[in-house]
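Data first, discussion second: the structure below is written as structure tokens.
Below, each value reflects all heavy atoms present in this structure, side chains not excepted, and no hydrogens, waters or symmetry copies. Since we're looking at a predicted model, the values are computed, not measured.
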Amino acid sequence: MRTLIRALKTRELRNKILFVIFLIIIFRIGSSIPTPGVDYTAVRACTTLQQANPTENFVGLVNLFSGGALLQLSIFALGIMPYITASIVIQLLRVVIPRFEELHKEGQSGEAKLTEYTRYLTIGLAVLQSTTILVTARSGQLFAGRCNRQVIPDGSIGNLSMMVLIMTGATGLIMWMAELITDKGIGNGMSILIFTSICSSFLPQLWNVGIKGQWVQFGIVVAVIIFILIFVDYVELMQRRIPVQYTRRMIGRKMYGGTSTYLPIKVNMAGVIPPIFASSILALPTLVAQFFDPKSKWVMWVNSNFANTTSTWYIALYSLMIIFFTFFYTGIIFNTDETADNMKEYGGFIPGIRAGRATSQYLKYVVDRLNTVGAFYLLFVCLVPTVLIMALQLNSRLPFGGTTILIIAGVGLDTLRQAAAQTEQFQYEGFLLKADEESAKAELND
């Protein structure tokens, strides 16, 4: 609260906060505007039916990140998901395509080129995803086959092409808004828009647990949410600080180095990516099964084991995938060989460890140990909703999951840290400006 109050008292930061709020309002308004060509009355009826009988599938995951805009078939139905997917794909391709790794090492100019590729890929994914969603909605499978009403009366090529164009253009607008928040606001624009989408449906769904007469369960769920949020905040701020010593070097006529610092390594370096990847992969079988005969044995098996998050198969595969993606994604974003080479190039070394290969092996040893702790931490957070459903025997799906909690806590912490850093920066600049003014007045008086 102190950080927010200090930020609002600073004029520059207050303008940034108001700018972010303005873009969030536009984002939420766009999420409520139906796409031309959609029968909004039918959509509302089907959405109400779907909310009464929720299912865990890929559509439900995308609907979560769009703030409910997907099932409403609004112009912002795709939300920020194409941009997120494109960013992750470009990041993963650095391992496969050497050119991308070279651009990453070039610094600001290379990152600008990678951002350009991300934008192109975002538009391509938006075209693909919007086409898939519209075809799925037209066939009646968007609402898991529970709604018999036709949400898109006109299925002509021209009408569907117009709807794809509108959704793709809206995705480009969301991408532009996210980059504007990052450049001219506070925090990461993509993360803030995801945070807004999740929170827009979080509180109403939480309140529905109590409205259905389950007030004891409602109190337990609220207490667990508060506890998990505090626990996530604590773990996300934990670091393993590896001491680094830099030797003195003579460059020209100046002496550089000779300082002691540390290399901070987070316990959960992979962030929210492992649960998202695991949920997406496990949701694909239920999405594919919707297009086949529901009485088939394999379709019934998929629906009973993958559409049900409390099944043994789902919990086992979900846990294994989270552990795998924790190690896999951390190995991509934190290259121990590259870190060791950079330290050696600038004359840095870890006390007691030889520079070069020995440093890389030591860093890998430390990161693997932290990843083990981070993987079990993610498992604990992500499986808490499942345990609550089984223990409390709730009649409805919980309004939060492990991914939801990680995003809410992570985005909140990151935004507050940036706000605190910018507040100190502006206050420091104001202090220097005031000191210069007093010095100039003293000179004039003399």
Side-chain angles (χ1 to χ4, degrees), residues 53-65 70 81 84-85 88-89 91-92 95 129 132 136 141 144-145 198 224 228 231-232 235 267-333 368 370-394 396-407 410:
N53 301 280
T55 55
E56 291 288 345
N57 53 26
F58 185 75
V59 174
L61 182 67
V62 178
N63 189 58
L64 171 68
F65 287 107
L70 173 62
M81 278 300 289
I84 297 173
T85 307
I88 294 175
V89 168
Q91 206 169 24
L92 295 177
V95 183
Q129 292 182 12
T132 304
T136 306
Q141 296 300 322
I198 292 176
V224 169
I228 295 297
F231 175 70
V232 169
V235 176
V267 172
N268 179 30
M269 295 186 66
V272 75
I273 297 299
I276 290 179
F277 276 12
S279 301
S280 302
I281 292 175
L282 289 177
L284 286 176
T286 59
L287 178 64
V288 174
Q290 291 179 6
F291 296 94
F292 293 90
D293 184 9
K295 295 182 180 180
S296 301
K297 291 184 178 180
W298 73 271
V299 173
M300 295 174 63
W301 186 87
V302 167
N303 290 332
S304 61
N305 290 281
F306 289 96
N308 181 16
T309 57
T310 59
S311 67
T312 304
W313 275 97
Y314 187 93
I315 294 175
L317 291 175
Y318 188 58
S319 303
L320 291 175
M321 285 186 180
I322 286 180
I323 295 174
F324 169 75
F325 283 119
T326 299
F327 284 87
F328 176 74
Y329 191 71
T330 302
I332 292 176
I333 63 176
D368 287 343
L370 291 177
N371 276 339
T372 304
V373 178
F376 282 102
Y377 150 72
L378 289 175
L379 279 178
F380 172 75
V381 174
C382 293
L383 292 180
V384 163
T386 303
V387 174
L388 273 182
I389 292 175
M390 299 172 66
L392 300 180
Q393 298 180 354
L394 293 174
S396 60
R397 186 168 58 91
L398 285 179
F400 71 97
T403 308
T404 305
I405 294 178
L406 288 170
I407 291 175

> What's the shortest heavy-atom distance between L378 and P274, and which atoms?
Replying inline: CD1-CG, 4.0 Å

> Does the side chain of N371 come under 3.5 Å of the side chain of T330 through a donor N or O and an acceptor N or O?
Replying inline: yes

> Where do L379 and Y318 land on the side-chain contact (heavy atoms from CB on, under 4.5 Å) test, with the steps shown first?
Replying inline: CA-CA 9 Å; L379 279 178; Y318 188 58; 5.7 Å; no

> Taking atom CD1 of I84 and atom CD1 of I276, what is their separation to the nearest 0.5 Å?
Replying inline: 6.5 Å

>> As an exercise, state the distance from CG of L406 to CG of N268, rounded to the nearest 0.5 Å.
In response: 7.0 Å

>> Counting only heavy atoms from other residues, nucleotides and ligands, does the tally under 6.0 Å from CH2 of W301 exceed 12?
In response: yes

> What is the minimum heavy-atom distance between F327 and D368, and which atoms define it?
Replying inline: CE2-O, 3.8 Å

> Please walk me through it: do L92 and F328 pass side-chain contact (heavy atoms from CB on, under 4.5 Å)?
Replying inline: CA-CA 10 Å; L92 295 177; F328 176 74; 4.0 Å; yes

>> Measuring from atom CZ of F277 to atom CD1 of I88, what distance do you get when rounded to the nearest 0.5 angstrom?
In response: 4.5 Å

> Which pair of heavy atoms, one from Q91 and one from I332, lies closest together, and at what distance?
Replying inline: O-CG2, 3.9 Å

> Quick one: does Y377's side chain get under 4.5 Å of V232's, heavy atoms only?
Replying inline: yes

>> Using side-chain contact (heavy atoms from CB on, under 4.5 Å), reason through I273 and F325 one step at a time and then give a plain yes or no.
In response: CA-CA 8 Å; I273 297 299; F325 283 119; 6.0 Å; no

> How far does CD1 of I281 sit from CZ of F324, to the nearest 0.5 angstrom?
Replying inline: 8.5 Å

>> For a quick test of reading the model, state the closest non-hydrogen atom pair linking P275 to I322 and the distance between them.
In response: CA-CG1, 4.3 Å

